[in-house]
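Comments concern the structure below.
Keep in mind that this is a model prediction, so the values were computed, not measured.
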Amino acid sequence: MGRGKSEHNKQLVEAAYNILSEIQPASIRAVCYRLFADGLVDSMSKNNTNRVSRQLVEAREHGQIPWDWVVDESREPERQGVWTSPAEFAEAAKHSFRRDAWQHQGKRIEVWSEKGTVRGTLAPVLQEYGVTLQVFHGYGSATVVKGAAIDSVSDPRPLKVFYVGDWDPSGLHMSEVDLQERLIRYGGAVNLIRLALTEEDIGPQLKSFEVNSKRSDPRWRWYRQLSVNKHGPYCWELDALSPVVLRKRLENAIKAEIEPEAWERTRRCEEAEQKSLAVFLDHWQSFSIPMPACE
């Protein structure tokens, strides 16, 4: 590895390794922001992000960087649940049962995002606490937002949503205006809290870009009145925020909503049920149930 590489690309890979060792799992764009902040790329242009992406692919293919340190917004392949035998299914079932720890909580929690780049970044926290992530991929379609509104009132418990998105004309307008208005219009009831980016995040400590680059955005004038007059002629992307900071912030926000005694009771019940299920499935073949010959 490294034969034929320019000295700059070698430095790029070494720096990316050090960055990822601190913030993984993280997206390519998050790594690029750190490289940009450190002066190893001169901008967040598509040429630069593509070059970093190519270098990280090669580094992972050659074993320099672990594959699971880098995540993207692509979903895992959607496979149907099929098995080669009942025994294989039984083994999988032993390890897949998980009780819904939110069923005895006084509220429901979800995370919404305008962009899918956070899916892999937030996955460790979402999986740990069993929280749903809804990605809108920009402005959510009427069908998606209507579905979210219906779901929000399908349970008598209040729904609190932690929203993560860019601080730019569209990103800010989505959470502060568009989603709020459409959810009400469609009969929803959601307590929508912007978790990131917030006013505390933006500023010279976070890499930004000129708001004039967004002049074609229909929300540009709205953004100038709301943000530019207060924070200057800049925009900020969610990817510029450290994934470590974002994950910790989300975890703290979720934990603050949990009723700990009910949560712990559910976890103890889950452990007992997992053990009971494992014992049953380990002995299922001893039951005198005839199995058809399929081969």
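Dense packing is recorded around CD of Gln11, with more than 12 heavy atoms of other residues, nucleotides or ligands lying under 6.0 Å away. Within 6.0 Å of the CD atom in Gln103, the count of heavy atoms belonging to other residues, nucleotides or ligands exceeds 12.
Ionic pairing of Glu270 and Arg267 is present here: one or more N-O contacts between side-chain nitrogen and carboxylate oxygen are shorter than 4.0 angstrom. We find that Glu110 and Lys160 are not joined by a salt bridge, their nearest charged nitrogen and carboxylate oxygen being 4.0 Å or further apart. A salt bridge links Lys115 with Asp239: the distance from a Lys NZ or Arg NE/NH1/NH2 to an Asp or Glu carboxylate oxygen falls below 4.0 Å.
Between the side chain of His8 and the main chain of Leu40, a donor-acceptor pair closer than 3.5 Å is present. The backbone N or O of Tyr129 lies less than 3.5 Å from a partner atom in the side chain of Trp102, making a donor-acceptor pair. Between the Thr49 side chain and the Lys46 main chain, a donor and an acceptor come within less than 3.5 Å of each other.
Atoms OG and CG, on Ser208 and Asp168 in that order, are 12.0 Å from each other to the nearest 0.5 Å. From Leu20, atom CG reaches atom CD of Gln24 across 7.5 Å, with rounding to the nearest 0.5 Å. Between the CD1 atom of Ile254 and the CG atom of Leu126 there is a distance of 6.5 Å, given to the nearest 0.5 Å. Rounding to the nearest 0.5 angstrom, the gap separating the NZ atom in Lys107 from the CD1 atom in Ile258 is 11.0 Å.
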What's the verdict on ring pair (Phe, Tyr, Trp, His ring centres under 6.0 Å) for Trp112 and Phe136, showing C-alpha distance, side-chain angles and the deciding distance? CA-CA 7 Å; Trp112 291 1; Phe136 288 95; 5.2 Å; yes
Yes or no on ring pair (Phe, Tyr, Trp, His ring centres under 6.0 Å) for Trp236 and Phe209, after CA distance, side-chain angles and deciding distance? CA-CA 7 Å; Trp236 292 265; Phe209 55 96; 8.3 Å; no
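Evaluation of the side chain to side chain donor-acceptor pair (under 3.5 Å) test over residues 189-202, restricted to residues two or more places apart or in two chains, returns Ser175-Arg194, Thr198-Glu200, Thr198-Asp201, Glu199-Lys230, Glu199-His231, Asp201-Arg249.
Ring geometry, Trp222 versus His173: the interplanar angle exceeds 60°, so the pair is classed perpendicular (tilted spans 30 to 60°). Between Trp69 and Tyr17, the two ring planes are tilted [angle within 30° to 60°].
For Tyr33 and Glu237, the side-chain atoms include at least one donor-acceptor pair closer than 3.5 Å. No hydrogens or angles considered: nothing links the side chains of Thr143 and Ser141 as a donor-acceptor pair under 3.5 Å.
By the rule that hydrophobic residues join a cluster once side-chain heavy atoms approach within less than 4.5 Å of another member, Val153 and Leu179 end up as members of separate clusters.
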